[in-house]
Asker: 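After the structure tokens below, expect a handful of questions from me.
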Number of protein chains: 2
Amino acid sequence: MINSGRDRILQAAAELFAANGFTATTTRDIAERAGIKQPSLYAHFKVKSDILRELLLETLRPGVERGEALAAETGRPARDRLTELLDFDIRVLFTGRRSVAVLGVLPEVRAGQFAEAHQLRERLRDAYAGLSREVLTELGHPPGDEYLKRIAGIVFAVVESISLRRYEDPDLDVEDAVRDTTTAILRILGA
Amino acid sequence: MINSGRDRILQAAAELFAANGFTATTTRDIAERAGIKQPSLYAHFKVKSDILRELLLETLRPGVERGEALAAETGRPARDRLTELLDFDIRVLFTGRRSVAVLGVLPEVRAGQFAEAHQLRERLRDAYAGLSREVLTELGHPPGDEYLKRIAGIVFAVVESISLRRYEDPDLDVEDAVRDTTTAILRILGA
DNA sequence: GTCTATACTGTGATAGAC
DNA sequence: GTCTATCACAGTATAGAC
């Protein structure tokens, strides 16, 4: 059901969380935007944080799956696989029916509670790190662990920044974002 | 006074805001970390948001001043000036006695209220955009307005990501951060 | 599954003594 | 400028009827 009550709630919450943060968004705000009364939320979610929890998992899972598959794949240049992951990941952020944006970067997500989402994010980061290592190696510059960690940190930051960039410029075009981001990241890696 | 009550409050608040966000940080949390009782905060700040306000302005002002000066300067390669701004800006984030980190990216900062800080952030972004345009031009690729906006968005995102990267790896070394970030950004610009 | 009514708690902020 | 005491309100969540 695309427009079920539950879905309306998730949609509304995603937009509000992205705009104002988790704690600053009240259950009343969410309910109002979803077109129901505040207590009705609790017919769908046990507690407020479960809404964010579901949004986070939903947003992260596709990228993690694809990322780990691509990182494990062999026999194809890492550069191509990294490009493919970026393409996939960025499109999820744009075409997902939610404006899931910034969610992964919300400070509240770091503080306890959302361990599962945090873990998924780590796995996605690892996928990017693994592909980055391979790309660097292909280019004749196999990185040390320390250096890889730092450079992959920047790469992942650029990926995650898409949410914020899109938030600040709602007209940002998907194709532009995919192309610019991919180019930037390949250049950061020295390609 | 480096350890005046007021300063202890700012220090405590900066750390808590960065870790948990603005709304999720209570005035009691701040007071406790500052070693005073909650109502004593109000001898120093009229309202809670004034604490964040001051932290934001304090963090942004030096970079803005330096950035606008460097962007206006002529007769020196833009590449050198951009490098200098990055060096300065990143060191402020690291050596500032506050862990001002993520503050600029807090969602709550976007929603109304902190207009002055928002404006400073725009000016800093403009300084980076201006220098980026010059660098691209020096390289023989004068950008169109649209392209510049997008590429400068990525550049600025990399700069701002330092806060988060440092938060996630508190051992991150200043010199490494300066070098890696500068290299990444110059590469993004095609240098 | 949605509503009205409401309980309970946490939070920002003030009053006023020291 | 710090404290204790306290207020007023906002916010999450529950109860129970429809």
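Each chain gets a letter, A, B and so on, in the order its sequence line appears, and its residues count up from 1. Model, not experiment: these values are computed from the prediction.
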Asker: Hey, are A:Glu168 and B:Arg110 close enough for a salt bridge, meaning a charged N less than 4.0 Å from a carboxylate O?
Answerer: no
Asker: Of all the heavy-atom pairs spanning A:Val47 and A:Tyr42, show the shortest one and how long it is.
Answerer: CA-CE2, 4.3 Å
Asker: Under 3.5 Å, is there a donor-acceptor pair between the B:Asp29 and B:Thr26 side chains?
Answerer: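 B:Thr26 and B:Asp29 do have a side-chain donor-acceptor pair below 3.5 Å.
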Asker: For A:Tyr42 and C:dA7, give me the distance from atom OH to atom C1', rounded to whole Å.
Answerer: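 Rounded to the whole Å, the gap is 13 Å.
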Asker: According to a strict under-4.0 Å criterion, is B:Thr27 in side-chain N/O contact with OP1 or OP2 of C:dT11?
Answerer: no
Asker: Which comes earlier along DNA chain C counting from the 5' end, the contact point of B:Ser49 or that of A:Gln38, where each point is its nearest nucleotide?
Answerer: A:Gln38
Asker: At under 4.0 Å between heavy atoms, what does A:Ser40 touch on the DNA or RNA strands: base, sugar-phosphate, or nothing?
Answerer: base
Asker: C:dT2 C1' sits how many Å from A:His44 NE2, rounded?
Answerer: 8 Å
Asker: Is there a donor and acceptor pair, one atom on the side chain of A:Arg28 and one on the base of D:dG11, closer than 3.5 Å?
Answerer: yes
Asker: Under a 3.5 Å distance rule, please check whether B:Glu138 uses its side chain to pair with a backbone N or O of B:Pro77 as donor and acceptor.
Answerer: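 No, B:Glu138 side chain to B:Pro77 backbone: no donor-acceptor pair under 3.5 Å.
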Asker: Counting just side-chain N and O atoms, does B:Lys37 come under 4.0 Å of either OP1 or OP2 of D:dC3?
Answerer: no
Asker: Mind checking if A:Thr25 touches a base, just sugar-phosphate, or nothing, with heavy atoms under 4.0 Å?
Answerer: sugar-phosphate
